[in-house]
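Read the numbers this way: they start at 1 and go in the same order the structure lists the ligands and their atoms.
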Amino acid sequence: MTFGFFDDEHKEYVITRPDTPLPWINYLGCQAYFGIISNTAGGYSFYRDARLRRITRYRYNNVPFDLGGRYIYLRDDGSGEYWSPSWQPTRHDLENYTCRHGMGYTVIGSRYRGIEAHTNYFVPLDENLEIWQLTITNQRSKRAGLSVFSSIEFCLWDAQDDATNFQRNFSIGQVEVEDGVIYHKTEYRERRNHFAYFACSGKVETFDTQREVFVGPYRDWERPVGVERGRLANSVAHGWAPIGAHHVKLKLEPGETQQIIFVLGYHENPQDQKFDPPESQTLNKKSVKPVIAKYLDSTHVNTAFEKLRQYWARLLGICQVETPDVHTDRLVNIWNAYQCMATFNLSRSASFYESGIGRGLGFRDSNQDLLGFVHMVPSRARERILDLAATQLPTGGAYHQYQPLTKRGNNDIGGNFNDDPHWLILGVAAYLKETGDWGILDEPVPYDNQPGSEQPLYEHLERSFKYTLDRLGPHGLPLIGRADWNDCLNLNCFSDTPGQSFQTTTNKDGKVAESVFIAGLFVLAGRELADVAQRRGLAEEARDCLAQVAKMEATIRQHGWDGEWFVRAYDDFGRKIGSKECLEGKIFIETQGFCVLAGVGLDDGTAVKSMESVSKYLATEHGIILQQPAYSKYYLELGEISSYPPGYKENAGIFCHNNPWVMIAETRVGNGDRAHDYYSRINPSAREPISDLHRCEPYVYAQMIAGRDAPTYGEAKNSWLTGTAAWNYYAITQWILGIRTSYDGLRISPVIPKSWRGFKATRIFRGVTYHIIVERAGEGNQVALRVDGVPIKGDMVPLPGEGRREVLVQATLS
Ligand code: BGC
Ligand code: NOJ
């Protein structure tokens with residue numbers, strides 16, 4: 001069953017009924033001002049940081065789902081009847097409901113009793129504001145007299161405090177209203193120099209800024225008393241809950257269309273120009289008024305929207321493919337790339353599942369997000385790398401996250417994840433391959449943001465590598481610390497107290513438990529580092545690095561191989577995890593995927609065996625399960641992983657993030673059929689026909705699909721913000737389609753299904769457009785290349801000479 005359809009031409013997913021199984025969301029904004037918006041206009045906005053600069057309020061886990069948003073009410077002033085064209089919050093039976101989620105915008109609308117109303121919500125590029133462009137058409141045969149009401153609820157900036165500190169917050173709310181513009185200025189008098197505003201292009205008849213007055217005592221957003229009455233009360237909020245609501249009256253002749261624009265924005269004033277007049281406590285609106293005036297004008301709004309469209313056309317145009325599989329094309333060309341932008345911007349902070357207050361930007365997560373983003377806006381990737389590296393600790397270790405507003409690392413969600421530092425090496429290598437910007441390695445970057453501690457970025461990479469060498473366990477494998485990639489494998493936690501956080505509690509000194517996963521990661525990161533060192537002219541460092549890698553590979557062979565697959569870890573008692581010796585959790589996906597993608601076991605047959613085991617024990621029709629058999633009880637020595645019921649999350653869920661590791665591993669052993677088959681099993685577009693089972697959005701990946709041990713096998717959860725986005729993008733574009741960035745050029749090394757006759761692609765790389773045509777002449781993966789008609793050896797298309805902007809690459813597979 002489906003709830004809409006893909007409109008590939010317009011790069012939209014069109015939802016055709018409002019009652020989707022879960023709110024199906026989109027992101028507004030892609031630079032500094034952001035919002036999430038659901039298919040019924042639910043969601044919230046923030047500036048840079050979903051926790052520290054929350055602009056509007058949203059209540060997570062509400063009943064019904066997803067209440068609180070960018071709501072418009074229409075009221076027929078003839079009959080007094082009112083409804084919301086986005087369905088929520090009044091939930092009337094609408095005709096022609098559609099929600100078009102597109103690239104950075106969402107259009108929601110419907111028809112009700114002959115009144116057609118659509119709102120285009122978007123954030124113009126380079127602005128800290130969002131537009132709601134409402135278009136209303138009277139399709140009745142008679143003139144219609146309507147009242148239009150807008151509504152938003154302001155958050156008192158720090159979303160955590162806003163949701164908890166009522167004894168203070170009920171007394172601090174402040175607004176100003178001038179010329180129909182509602183300004184939200186809570187805490188502006190003292191330590192803030194920012195405020196929000198909500199403006200409207202229509203003639204504002206009445207307004208409200210106090211929630212209780214607009215909604216009415218003991219009422220809710222479904223039946224606001226002001227809307228029911230057809231007139232607002234011009235309330236000015238003093239404390240309690242400041243909101244913004246405008247009231248505009250319209251007269252529409254039959255067939256007539258009118259537009260109203262609402263602008264919700266964020267603005268900062270210089271510290272010494274906060275008030276006007278300066279000695280007053282009144283907001284200085286001088287610099288914001290021109291911005292408001294500009295965007296209340298539909299010409300500017302239309303231009304801004306067009307610019308947004310062009311922006312996305314350009315970004316997506318960097319890599320376009322034409323394969324025999326529509327789901328591959330749709331994801332690569334549109335949605336997966338788009339999702340990579342969201343994960344890059346927000347890491348795991350703000351989605352329908354991430355409340356915006358739990359987590360900032362993760363060190364591990366953000367570095368991986370670069371894999372799918374770096375080709376789109378390399379300058380922002382560069383900035384992110386330097387920000388991340390600046391939070392690195394002098395030991396080479398890392399804070400697990402930092403707040404985007406302050407750019408300072410913190411331990412709020414734990415520390416000592418011993419895999420963290422290596423992801424920096426992988427992120428930087430991906431950036432270098434894409435851009436060739438070797439200068440970044442010389443950038444002075446502090447440790448722990450301490451002035452005076454600056455060292456070249458390259459030195460940070462060396463410390464990342466050394467971090468593991470300083471922390472080897474009894475078998476010579478890396479100590480796991482709090483956990484590795486799998487946050488829930490907490491081998492030093494031993495938590496037996498209710499409410500303790502698995503992510504922050506430690507009861508063992510951590511000198512025994514080891515991770516085979518980090519060993520695989522070390523091998524991959526070490527090879528990347530050696531490559532970088534070699535090219536920096538540091539041959540000896542490169543040699544040392546490779547020697548350590550070789551040693552680690554030998555250790556994996558000796559202590560990390562279980563006969564048919566790679567072991568996962570050793571616990572605090574030195575016992576194997578992820579081995580046939582275990583009663584449960586005998587085989588894990590992470591070490592199979594990661595060791596093989598790192599190249600471990602390619603030369604001795606173990607890689608192939610490991611892949612066979614994945615296929616035999618872990619692969620299901622809905623994707624590859626994290627481990628089997630699922631843990632049926634809580635194991636004190638394993639931590640959070642065994643706290644989940646079987647089949648969910650890290651306990652034998654299909655954790656989509658690590659499925660692409662196996663896809664890449666399959667390409668490394670040359671199995672294109674399997675690689676693409678695994679790709680298709682979790683491809684959200686391919687799963688669209690089972691939307692009633694999958695339940696999450698069919699246009700983006702979810703972190704997890706319930707595994708076969710779960711009663712809800714096949715149901716997805718935690719969509720949007722997941723490493724799944726970047727890794728799948730990387731797996732399909734660089735390994736299956738095989739268009740791989742490298743230091744010396746673009747490698748063309750596809751490992752595609754045997755049944756594919758070929759594919760076409762366009763890739764812009766270092767300013768050059770590569771037109772790539774791949775054709776099958778035989779069933780294998782052997783590549784013969786012709787570059788601009790001239791045969792060349794190997795699979796590397798070297799960088800063309802100065803001035804060349806277009807290159808034709810023909811690849812024949814045999
Ligand atoms: C989740 C993980 C997540 C971790 C850290 C755990 O509850 O299962 O997927 O990475 O929390 O936030
Ligand atoms: C989600 C986290 O964001 C990521 O960092 C982690 O690797 C996975 N969960 C697995 O636990």
Side-chain angles (χ1 to χ4, degrees), residues 51 339 342-344 346-351 353-372 388 398-402 410-424 426-427 480-491 493 495 499-505 515 517-518 520-521 568-569 585 588-591 593-594 624-627 630-631 634 638-661 701-707 710 716-727:
R51 171 169 175 182
Q339 186 179 2
T343 58
F344 171 82
L346 302 168
S347 191
R348 309 297 171 264
S349 67
S351 71
Y353 308 85
E354 310 280 4
S355 65
I357 57 182
R359 300 157 81 179
L361 302 197
F363 192 90
R364 172 203 294 144
D365 295 327
S366 293
N367 274 303
Q368 289 174 77
D369 291 343
L370 291 169
L371 292 177
L388 283 164
Y399 285 110
H400 204 43
Q401 67 158 8
Y402 72 93
N410 65 63
N411 279 326
D412 293 357
I413 57 161
N416 295 327
F417 294 84
N418 280 352
D419 63 314
D420 268 339
H422 291 290
W423 301 109
L424 180 66
L426 299 191
I480 196 167
R482 165 159 314 284
D484 56 28
W485 171 88
N486 189 331
D487 279 326
C488 300
L489 205 55
N490 315 120
L491 306 183
C493 185
S495 174
Q500 263 181 348
S501 160
F502 288 102
Q503 304 299 318
T504 53
T505 308
S515 163
F517 172 81
I518 300 181
L521 178 61
R568 179 60 179 85
F588 279 65
I589 188 174
E590 297 104 309
T591 35
F594 221 90
I624 310 169
I625 288 179
L626 195 141
Q627 103 276 15
Y631 293 116
Y634 179 53
L638 299 183
E640 186 169 0
I641 188 166
S642 57
S643 76
Y644 285 113
Y648 293 105
K649 293 278 279 184
E650 281 86 344
N651 187 12
I654 295 157
F655 220 89
C656 298
H657 182 144
N658 46 34
N659 278 225
W661 299 346
Y701 286 99
Q703 180 200 62
M704 188 210 53
I705 297 172
K717 245 179 239 164
N718 302 5
S719 57
W720 276 99
L721 300 185
T722 157
T724 312
W727 274 102

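Contact annotation: for Arg348 versus ligand 1, there are no heavy atoms closer than 4.0 Å. Only side-chain heavy atoms of Tyr644 come within less than 4.0 Å of ligand 1; its backbone N, CA, C and O stay farther off.
Of the protein's heavy atoms, Gln503 NE2, 4.0 Å lies nearest to atom 11 (O) of ligand 1. Of all protein heavy atoms, the one closest to atom 12 (O) of ligand 1 is Arg359 CZ, 3.4 Å. Nearest non-hydrogen protein atom to atom 2 (C) of ligand 1 is Glu650 OE2, 3.1 Å. Here the heavy atom of the protein found nearest to atom 7 (O) of ligand 1 is Glu640 OE2, 2.5 Å.
Atoms CZ and CG, on Phe588 and Leu626 in that order, are 6.5 Å from each other to the nearest 0.5 Å. Rounded to the nearest 0.5 Å, atoms CG (Asn658) and CH2 (Trp727) are 10.5 Å apart. Rounding to the nearest 0.5 Å places CD1 of Ile624 at 4.0 Å from CG of Asn659.
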Exercise. Apply the test side-chain contact (heavy atoms from CB on, under 4.5 Å) to residues Tyr634 and Ser495: give CA-CA distance (whole Å), side-chain angles for both, the deciding distance (0.1 Å), then the verdict.
Key: CA-CA 10 Å; Tyr634 179 53; Ser495 174; 4.1 Å; yes
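No close placement of the Trp423 and Phe417 rings is indicated, their centers lying 6.0 Å or farther apart.
For ligand 1, the atoms closer than 4.0 angstrom to any heavy atom of Gln703 are 9 (O). Those atoms of ligand 1 with a heavy atom of Asp487 less than 4.0 angstrom away are 3 (C), 4 (C), 5 (C), 10 (O). Which parts of ligand 1 touch Lys649 is read off a 4.0 Å heavy-atom cut-off, strictly below it: atoms 1 (C), 2 (C), 8 (O), 9 (O).
In this structure Thr591 satisfies the side-chain hydrogen bond (donor to acceptor under 3.5 Å, both in side chains) test with no other residue, sequence neighbours excluded. Residues that satisfy the salt bridge (charged side-chain N to carboxylate O under 4.0 Å, His left out) test with Glu640, not counting sequence neighbours, are absent from this structure. Taking the salt bridge (charged side-chain N to carboxylate O under 4.0 Å, His left out) definition, one finds that Glu590 meets it with Arg568, sequence neighbours left out.
Of the N and O atoms on the side chains of Gln503 and His400, not one donor lies less than 3.5 Å from an acceptor on the other residue.
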Inventory of protein N or O atoms under 3.5 Å from ligand 2 N or O:
from     : atom 1 : to     : atom 2 : distance (Å)
ligand 2 : 3 (O)  : Arg359 : NH2    : 2.7
ligand 2 : 3 (O)  : Asp365 : OD1    : 3.3
ligand 2 : 3 (O)  : Asp365 : OD2    : 3.0
ligand 2 : 5 (O)  : Arg364 : NH1    : 2.8
ligand 2 : 5 (O)  : Asp365 : OD1    : 2.6
ligand 2 : 5 (O)  : Asp365 : OD2    : 3.4
ligand 2 : 7 (O)  : Arg364 : NH1    : 3.2
ligand 2 : 7 (O)  : Trp485 : O      : 2.5
ligand 2 : 7 (O)  : Trp485 : NE1    : 3.0
ligand 2 : 11 (O) : Trp485 : O      : 3.4
ligand 2 : 11 (O) : Asp487 : N      : 3.0
ligand 2 : 11 (O) : Glu650 : OE2    : 2.6

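In this structure, Arg348 pairs ionically with Asp369, as a charged nitrogen and a carboxylate oxygen lie closer than 4.0 Å.
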